[in-house]
Novice: 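Sharing a structure, written as structure tokens. Questions coming.
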Amino acid sequence: MKSEKNKIDRESYSIVAAASATGEEWNRALSCLRKYAENSLAYLSLEPDKQWLLADSPEGLVSFARSGHTIVVCGDPVCADEDFLAMLQVLRSFASSERCHLVFLMTEEQHIPEYKAEGFGCFKSGEEATFDAQTWSMRGGKCAKARSSWHTAVHYGLTVKEYRPQQEPDEKIERQFHEITDAWLGEKHTARLQFAVGSLMLEKPCDKRYFYAVDQDGVVQGINVLNPYLGGKGWIVDIMRRREGCPHGVMELLFHDIMETLKKEGVEQASLGVAPFFNTEEENHPLLIEKAEHYIYENMNYIYGFKPLYNAKEKFNPIWKSVYVVCYPKHISFWMEEAAFAVLDSQGFSDYVRAYLDMRHAQKEKKREEREEKREEKEES
């Protein structure tokens, strides 16, 4: 990493592990998020897998994880708009002192000109499903499937409630939240994802909101966990999970009722998060990394359900907004990409390798079975 013209005084910021932050440090981070969070992923800064760069002047927060010689940043720096370039300089000075490269995951399009002006590389990495909370409706043809599923859930007698763990803790409800989460994780081909996906964090005062769908017997059938951004004028549905064997339409019911609640509260924007690698090859001149992302989106759904995730968001008729990977130096290397994947998986990059080998084995086994079936059909004929 090239040297800075003006080195930033190390005393102007501190590096803190979120998992071991003091009460004062936690409150400082939370204060920054409440004042400046624009990126819908900003509140993931509070997850225990993050480290913080807490700056005094300018006031700001950068959440990151380190893998090898790469610092991987979650979203964009959290600070006042007028301090954005200054925060980039602080972060770049820190990375230089650590002899590390920088990779930002899921940055917003509005800051791309500033990143480019500072010599960062920018690559499209997917699109985020966003909604105007005041105008969205499940009416109309584009939401027909979602609306049909919602009616089914209502027919089953499911209702949506909000759980407030800090005001009215309920051990029975929380136990069911964990049951659903554990079963959901058990169905995945990779280990638990992290960094760009949150956890329940029921024990921490961190502004999350918890909505759940419950049947007439009091059994929780699905949960949605929301994180705020835009000073509470925006909310992202960070976690969407349902009980195995639950009635059809649980997620549609939850989303519909949540949006109705947000509308009444005057919330401006909502998000269902990012569809990774979606539409990356639609750029005017797609770069090699964007073509590789498109290939992953089309062919690696055994490892991670990229297409099903997109379809789950698209049925609600969102407004799609581009998100980007940003890096410094501007030409991303294999090791920088490996670092990004490594921090996203709780078992590191090797877990993706294992899942890929499992996928190849499953494909070969399927072809073998198809050949065997054709052979038996030929013998019978």
Novice: Does a side-chain heavy-atom distance below 4.5 Å link N279 with K124?
Specialist: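 N279 reaches K124 side chain to side chain.
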Novice: Is a side-chain N or O of S93 found less than 3.5 angstrom from the main chain of V90, in a donor-acceptor match?
Specialist: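 Looks like no, no N/O pair under 3.5 Å.
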Novice: Taking all non-hydrogen atoms of both residues into account, name the closest pair between F84 and P77 and its distance.
Specialist: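 Minimum heavy-atom separation between F84 and P77: CE1-CD, 3.7 Å.
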Novice: For the residue pair A55 and P58, what are the closest heavy atoms and their distance?
Specialist: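 Of all heavy-atom pairs spanning A55 and P58, the closest is CB-O, 3.2 Å.
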Novice: What's in the same ILVMFWY side-chain cluster as V267, cut-off under 4.5 Å, chained through other members?
Specialist: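 Once heavy-atom contacts under 4.5 Å are chained together, V267 belongs with F131, W136, M138, W150, V154, Y156, L158, V160, F211, L226, W235, V237, M240, V250, M251, L253, L254, F255, I258, M259, L262, L272, F316.
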Novice: Within a strict 4.5 Å, meaning less than it, do heavy atoms of the T181 and I223 side chains meet?
Specialist: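 The answer is yes; the side chains approach within 4.5 Å.
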Novice: Please lay out, stage by stage, how Q221 and V219 fare under the test side chain to side chain contact (heavy atoms under 4.5 Å, CB included).
Specialist: CA-CA 6 Å; Q221 297 294 333; V219 178; 3.5 Å; yes
Novice: Got V214 and T159 here, is their nearest side-chain heavy-atom distance under 4.5 Å?
Specialist: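 A side-chain contact exists here, since the closest heavy-atom pair is under 4.5 Å.
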Novice: Can you check whether Y163 reaches E174 side chain to side chain, under 4.5 Å on heavy atoms?
Specialist: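 Of all side-chain heavy-atom pairs linking E174 with Y163, at least one is under 4.5 Å.
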Novice: Hydrophobic clusters here meaning ILVMFWY residues chained together by side-chain heavy-atom distances under 4.5 Å, can you tell me if L102 and L53 are in one?
Specialist: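 Both belong to a single hydrophobic cluster.
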Novice: Identify, with sequence neighbours excluded, every residue that meets salt bridge (Lys or Arg N to Asp or Glu O under 4.0 Å) alongside R175.
Specialist: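 If we apply the salt bridge (Lys or Arg N to Asp or Glu O under 4.0 Å) test to R175, skipping adjacent residues, there are no hits.
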Novice: Yes or no on side-chain hydrogen bond (donor to acceptor under 3.5 Å, both in side chains) for H111 and E108, after CA distance, side-chain angles and deciding distance?
Specialist: CA-CA 6 Å; H111 291 300; E108 293 193 328; 5.1 Å; no
Novice: Between atom CD of E38 and atom SG of C79, what is the distance when rounded to the nearest 0.5 Å?
Specialist: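 So the gap between those two atoms works out to 8.0 Å.
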Novice: Is the shortest side-chain heavy-atom distance between L30 and R34 below 4.5 Å?
Specialist: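 Side-chain contact under 4.5 Å: yes.
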Novice: Report the residue from I236, I239, L33 that forms a side chain to side chain contact (heavy atoms under 4.5 Å, CB included) with N227.
Specialist: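 Going through the options one by one, the only one that passes is I236.
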Novice: Check whether any side-chain heavy atom of E127 lies under 4.5 Å from a side-chain heavy atom of V323, and answer yes or no.
Specialist: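 With C-beta onward as the side chain, the pair stays apart.
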Novice: Decide if atom NE2 of H69 counts as having more than 12 heavy atoms of other residues, nucleotides or ligands within a radius under 6.0 Å.
Specialist: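 12 or below, so no.
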Novice: Around atom NE2 of H178, are there more than 12 heavy atoms of other residues, nucleotides or ligands at under 6.0 Å?
Specialist: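 Counting neighbours around NE2 of H178, more than 12 heavy atoms of other residues, nucleotides or ligands fall under 6.0 Å, so yes.
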Novice: Should the pair W52 and W26 be assigned to parallel (<30°), tilted (30 to 60°) or perpendicular (>60°) ring geometry?
Specialist: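 Rings of W52 and W26: tilted, 30 to 60°.
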Novice: Return the OG to NZ distance between S137 and K263, rounded to the nearest 0.5 Å.
Specialist: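 Answer rounded to 0.5 Å: 6.0 Å.
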Novice: Is K313 salt-bridged to E128, cutoff N-O under 4.0 Å?
Specialist: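 Not counted as a salt bridge, because no side-chain N and carboxylate O are separated by less than 4.0 Å.
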Novice: Considering non-hydrogen atoms only, spot the tightest contact between P113 and Q110 and give its length.
Specialist: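 Smallest interatomic distance, heavy atoms only, reads CD-O, 3.7 Å.
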Novice: Tell me whether E203 at atom CD has more than 12 heavy atoms from other residues, nucleotides or ligands lying less than 6.0 Å away.
Specialist: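 Yes.
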Novice: Backbone N or O of L44 within a donor-acceptor pair of the K50 side chain at under 3.5 Å?
Specialist: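 Side chain of K50 to backbone of L44: a pair is present.
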Novice: Any carboxylate oxygen within less than 4.0 angstrom of a Lys/Arg side-chain nitrogen, looking at R28 and D56?
Specialist: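 Result for this pair is yes, salt bridge flagged.
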Novice: Working note: I15 + F94, criterion side chain to side chain contact (heavy atoms under 4.5 Å, CB included); need CA distance, chi angles, decisive distance, verdict.
Specialist: CA-CA 10 Å; I15 304 300; F94 165 65; 3.8 Å; yes
Novice: Given side chain to side chain contact (heavy atoms under 4.5 Å, CB included), test F120 with R92 step by step and report yes or no.
Specialist: CA-CA 11 Å; F120 288 77; R92 202 161 63 177; 4.0 Å; yes
Novice: Ignoring hydrogens and geometry, is there a side-chain-to-backbone donor-acceptor pair from S67 to T70 under 3.5 Å?
Specialist: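 No, S67 side chain to T70 backbone: no donor-acceptor pair under 3.5 Å.
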Novice: For residues L91 and Y36: do they belong to one hydrophobic cluster (side chain heavy atoms under 4.5 Å, members Ile, Leu, Val, Met, Phe, Trp, Tyr)?
Specialist: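 The answer is no; the residues belong to distinct hydrophobic clusters.
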Novice: How long is the span from the OG atom in S40 to the CD atom in Q269, to the nearest 0.5 Å?
Specialist: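 Taking OG in S40 and CD in Q269, the distance rounds to 8.0 Å.
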Novice: Is there a path of hydrophobic side-chain contacts, each under 4.5 Å between heavy atoms of I, L, V, M, F, W or Y residues, that connects L61 with L41?
Specialist: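 In one cluster: no.
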Novice: Find out whether V326 and C122 are in side-chain contact, i.e. whether some heavy atom of one side chain is under 4.5 Å from a heavy atom of the other.
Specialist: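 V326 reaches C122 side chain to side chain.
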Novice: If you look only at pairs with a residue in residues 58-80, which of them pass as a salt bridge (charged side-chain N to carboxylate O under 4.0 Å, His left out), with sequence neighbours excluded?
Specialist: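 For residues 58-80: K35-E59, R66-E98.
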Novice: Which residue, R147, R242, K315, forms the salt bridge (Lys or Arg N to Asp or Glu O under 4.0 Å) with E252?
Specialist: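 Among the candidates, only K315 passes.
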Novice: Do I173 and Y210 land in one hydrophobic cluster if side-chain heavy atoms of ILVMFWY residues count as linked below 4.5 Å?
Specialist: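 I173 clusters together with Y210.
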Novice: Closest approach of P276 and L309, non-hydrogen atoms and distance?
Specialist: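 Closest approach of P276 to L309, heavy atoms only: CD-CD2, 3.6 Å.
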Novice: Quick one, T107 and V73 - any side-chain contact, counting heavy atoms below 4.5 Å?
Specialist: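 They are not in contact (no side-chain heavy atoms under 4.5 Å apart), so the answer is no.
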Novice: V16, V62: one ILVMFWY side-chain cluster at the under-4.5 Å cut-off?
Specialist: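 Looking at the clustering, V62 is in a separate group from V16.
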Novice: Closer than 4.0 angstrom, basic N to acidic O: yes or no for R209 and E162?
Specialist: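 A salt bridge links R209 with E162.
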Novice: Atom CD1 in I71, atom CE in M336: separation rounded to 0.5 Å?
Specialist: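 Going from the CD1 atom of I71 to the CE atom of M336 covers 11.0 Å.
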Novice: Closest approach of G266 and K233, non-hydrogen atoms and distance?
Specialist: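 That would be O-NZ, 3.8 Å.
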Novice: Working to the nearest 0.5 Å, report the span between NE2 of H248 and NE2 of H155.
Specialist: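 Result: 13.0 Å between the selected atoms.
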Novice: Ignoring hydrogens and angles, state whether a donor on the side chain of S199 or E47 is under 3.5 Å from an acceptor on the partner side chain.
Specialist: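 S199 vs E47: donor-acceptor pair found between side chains.
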Novice: Using 0.5 Å steps for rounding, measure from the SG atom of C206 to the CG atom of L46.
Specialist: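 Answer rounded to 0.5 Å: 6.0 Å.
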Novice: Start with the C-alpha distance between F341 and F195, add both sets of side-chain angles, then the distance that settles ring-ring contact (aromatic ring centres under 6.0 Å, His included), and finish with yes or no.
Specialist: CA-CA 10 Å; F341 279 104; F195 198 74; over 10 Å; no
Novice: For K161, is there an ion pair with E168 - N to carboxylate O distance below 4.0 angstrom?
Specialist: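 Salt bridge: no.
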Novice: Quick one: closest heavy-atom pair of V78 and A37, and the distance?
Specialist: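 For V78 and A37, the tightest heavy-atom pair comes out as CG1-N, 3.9 Å.
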Novice: Is there a side chain to side chain contact (heavy atoms under 4.5 Å, CB included) between L105 and V325? Walk through the geometry before answering.
Specialist: CA-CA 5 Å; L105 298 184; V325 168; 4.1 Å; yes
Novice: For M106, is there any backbone N or O sitting under 3.5 Å from a side-chain donor or acceptor partner on N39?
Specialist: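 Side chain of N39 to backbone of M106: a pair is present.
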Novice: Do the two ring centres, one from Y115 and one from Y324, sit under 6.0 Å apart?
Specialist: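 Y115 vs Y324: aromatic centres not under 6.0 Å.
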